[in-house]
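First the structure, in the form of structure tokens, and then the observations on it.
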2 protein chains.
Amino acid sequence: MENIVQLAKNTSDASTMTGGQSARKVSCTSCCMRNLCIAAGTEDSFLPEIDKLVVHWHPMARGRHIFREGDEFKQPFVVRSGAVKTYQTLENGEEQITGFMLPGDVFGLEGLAALQHANGAIALETSSVCAIPLQNLFKINVEARVAERQVLMLLSESMLRKDSHAMMLAMNKAHERISAFLLDISDRLHRRGLAAHDFSLPMSRSDIGRFLGMSQETVSRAFAKLIRDKLIESNGRNIKLVNPGTLGKLSGYKLDSSFLKSA
Amino acid sequence: MENIVQLAKNTSDASTMTGGQSARKVSCTSCCMRNLCIAAGTEDSFLPEIDKLVVHWHPMARGRHIFREGDEFKQPFVVRSGAVKTYQTLENGEEQITGFMLPGDVFGLEGLAALQHANGAIALETSSVCAIPLQNLFKINVEARVAERQVLMLLSESMLRKDSHAMMLAMNKAHERISAFLLDISDRLHRRGLAAHDFSLPMSRSDIGRFLGMSQETVSRAFAKLIRDKLIESNGRNIKLVNPGTLGKLSGYKLDSSFLKSA
DNA sequence: CGTGGTATTGACAAGTCTCAAGACGAGTGG
DNA sequence: CCACTCGTCTTGAGACTTGTCAATACCACG
């Protein structure tokens, strides 16, 4: 139980956060992510209350850290716009990417148990994130408990995502992993109402490689193969899924999306 | 919000569960896992209350399902004794193992978001598990909120474990993955006060292969190599870590254990 | 028009998968 | 007690895939 007590103490000053970003008020009411974020499920009339719980940060430039490995855990975050990668540094200095966060995705909650971030998080492009000081959720009554449960929901979804990641990693052929990866991105964009078959990847080939456990050259060759087989079209980071069906059969895996239809 | 409402409804009859197991009362007070489970952090005097929240199942035989993929989510579980594997079936019928659960580990929470289990769970050996009906945690006051937060903690730990799994999967050499795998098992046993350098694996080589994304033959060869290099001794599933230090350097990855010292 | 980061492509070495054959061990029934 | 069986584990050999090193192409930016 000390963990929780400590948590409340540590997060008592949400305005002085990692990196010293200052907070800026942007209304949840007008946020296009309001149905996917912590506010999901609450009535619109209550959104202003949620607004008080969430701290909207200034947009951050590509490459900026939101938090680093080992940083004290203060709160989780949600991506409002842009994209974020989370990673862990291996003892040999290599960077293993543990996740890519798109708008609506929550990250950083893995630090809750130890009150310390196991991952670092970096903006892949100019991004806006919202901080969710948990002590606010835990302190306030009634409706806040709704939000508290929403945290559970988000954690649960995160776990699905991580399972999905493991499934990709376990595939033995590079073009299968890439297929699954692209379909996963596509699903997530689709669920957020964005173009699902024609999009731009926010991360480098090297990032993808470190995410999928292979070299960037192999990533490149896998893309080349998918293009050759007319399953996708690609111009650098611009991707067009020409034949998602075959792509799905190729990856052979049912990604977690099937379990999140209603989300 | 509907999710939560529905959740409470669905879990209202904890005694009629998947597979029709009947519940049996075993006191949390005397459970050796009481400091690692849902009850962690609560004062001993309160354990009887926790007891009311948790449903202890009859021991289940090796191979029995605790729940299946697609099953309605009713509650998460904790392993009290034995071992459990979670898996997802791929579209080609193969079984990708997503986790091995040792005593004290929580599983099944990934089903919370969609109210449906994305994984199936099978006992690897004769095992006892406890069910944690969430509506109990969510309904009761005061101390139950402590337990509710403990669920968050456990989820957070689960996420660390999944990250750790991804790290293993991303390693490119078989003997590195196996090293990391053995160290992970070792750490988890250690944290539960069990022998950490001399233990018996509850799962088959084939299970390990499906967990680490490689064929069972390669698993076998990797074990052979570790034995040849005198890093471990092994007689089938009995494992002895002879040189954990070098094993750690070999895997090259800091596993999540470093973030859970206090757990 | 450079420049630095990123992406592609080639060639060879190294590691894994697959198919296949045995070895081992626990349990069964004669 | 032994032979048998089934599942598991090990080991071998060849085909295939990927990692690595290296060269080159591309692109956005100043």
Side-chain angles (χ1 to χ4, degrees), chain A residues 61-63 83 85 90 92 94-97 122 124-126 168-179 181-182 200-229 232-239 250-252, chain B residues 61-63 83 85 90 92 94-97 122 124-126 168-179 181-182 200-229 232-239 250-252:
Chain A
R62 163 193 160 87
K85 68 177 174 184
L90 317 176
N92 60 20
E94 280 179 36
E95 179 185 85
Q96 168 66 41
I97 292 188
I122 296 181
L124 282 167
E125 54 190 39
T126 306
M168 291 181 208
L169 277 164
M171 299 182 193
N172 43 13
K173 288 188 192 141
H175 61 274
E176 293 174 352
R177 294 190 204 180
I178 296 290
S179 299
F181 172 72
L182 290 176
S200 174
L201 294 172
M203 71 293 284
S204 68
R205 298 289 193 258
S206 167
D207 278 339
I208 297 174
R210 285 194 295 267
F211 183 66
L212 293 178
M214 57 206 216
S215 67
Q216 60 169 326
E217 293 94 329
T218 302
V219 173
S220 225
R221 281 186 259 263
F223 271 106
K225 176 172 172 56
L226 294 179
I227 295 169
R228 209 181 316 127
D229 295 349
I232 68 170
E233 287 169 17
S234 159
N235 173 26
R237 296 191 183 183
N238 295 107
I239 304 291
L250 218 182
S251 71
Chain B
R62 165 193 158 86
K85 68 176 174 186
L90 318 177
N92 59 20
E94 279 179 36
E95 181 185 82
Q96 167 65 40
I97 293 189
I122 295 181
L124 281 167
E125 54 191 37
T126 306
M168 291 180 207
L169 277 163
M171 299 183 193
N172 43 14
K173 287 188 193 144
H175 61 273
E176 293 173 353
R177 294 190 205 180
I178 296 290
S179 299
F181 172 73
L182 291 177
S200 173
L201 294 171
M203 71 293 283
S204 68
R205 299 289 193 260
S206 167
D207 279 339
I208 298 174
R210 286 195 294 269
F211 182 65
L212 293 179
M214 57 207 214
S215 67
Q216 61 169 328
E217 293 94 328
T218 302
V219 173
S220 222
R221 281 186 257 264
F223 271 105
K225 175 172 172 56
L226 293 180
I227 295 169
R228 209 182 314 128
D229 295 349
I232 67 171
E233 287 170 17
S234 159
N235 173 25
R237 297 190 183 183
N238 294 107
I239 304 291
L250 218 183
S251 71

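Here is how names work: the chains are called A, B, and so on, in the same order as the sequence lines, proteins then strands, and each is numbered from 1. It should be emphasised that the depicted structure is a prediction, and the values quoted were computed from it without experimental measurement.
- A 4.5 Å side-chain heavy-atom check between D207(A) and L201(A) finds every atom pair outside the cut-off.
- The CD1 atom of I178(A) sits 13 Å away from the C1' atom of dT18(D) (whole-angstrom rounding).
- In this structure, D207(B) places its CG atom 9 Å from P of dT8(D), rounding to the nearest Å.
- R62(A) comes within contact range of the sugar-phosphate backbone alone, with a heavy-atom separation under 4.0 Å but no base atom that close.
- No donor-acceptor distance shorter than 3.5 angstrom exists from the side chain of R210(A) to the backbone of I97(A), with no hydrogens or angles considered.
- As judged by a 4.0 angstrom heavy-atom cut-off over every strand, S220(B) is placed among the base-contacting residues.
- Going from atom CG of L201(A) over to atom C1' of dT6(C) covers 14 Å, rounded to whole Å.
- The 5' end of DNA chain D is approached more closely, in terms of each residue's nearest nucleotide, by H175(A) than by the other of H175(A) and N235(A).
- Across the interface with DNA chain D, nearest-nucleotide mapping of R221(A) and R221(B) shows R221(B) to be the residue nearer the 5′ end.
- Residue R237(B) is in sugar-phosphate contact alone, with no base atom involved, counting any heavy-atom pair closer than 4.0 Å across all strands shown.
- Counting heavy atoms from C-beta outward, T218(A) and L212(A) have side chains that stay 4.5 Å or more apart.
- Residue I227(B) contributes atom CD1, which lies 13 Å from atom P of dC9(D) at whole-angstrom precision.
- In this structure, Q216(B) atom CD and dC24(C) atom C1' are separated by 14 Å, rounded to whole Å.
- Taken from NZ in K225(B) to OG in S220(B), the straight-line distance is 15.0 Å, to the nearest 0.5 Å.
- A side-chain donor-acceptor contact under 3.5 Å links R205(A) to the backbone of G236(A).
- Comparing atom distances between the E217(A) side chain and each of dT16(C), dG10(C), dC9(D) picks out dG10(C) as nearest.
- Atom pair I208(A):CD1 and dT8(C):P shows a separation of 9 Å (rounding to whole Å applied).
- T218(A) has a side-chain polar atom (N or O) that falls below the 4.0 Å cut-off from OP1 or OP2 of dG19(D).
- In this structure, M203(B) atom CE and dC9(D) atom P are separated by 11 Å, rounded to whole Å.
- Contact annotation for S215(B): base contact, defined as any heavy-atom pair under 4.0 Å involving a base atom.
- For dG7(D), the base has no donor-acceptor partner in the side chain of R205(B) [N/O atoms by modelled type, under 3.5 angstrom].
- Listed nucleotides dT18(D), dC17(C), dT11(D) differ in distance to A224(B); the shortest reach to its side chain belongs to dT11(D).
- Straight-line distance from the CG atom of N172(B) to the P atom of dG19(D): 7 Å, rounded to whole Å.
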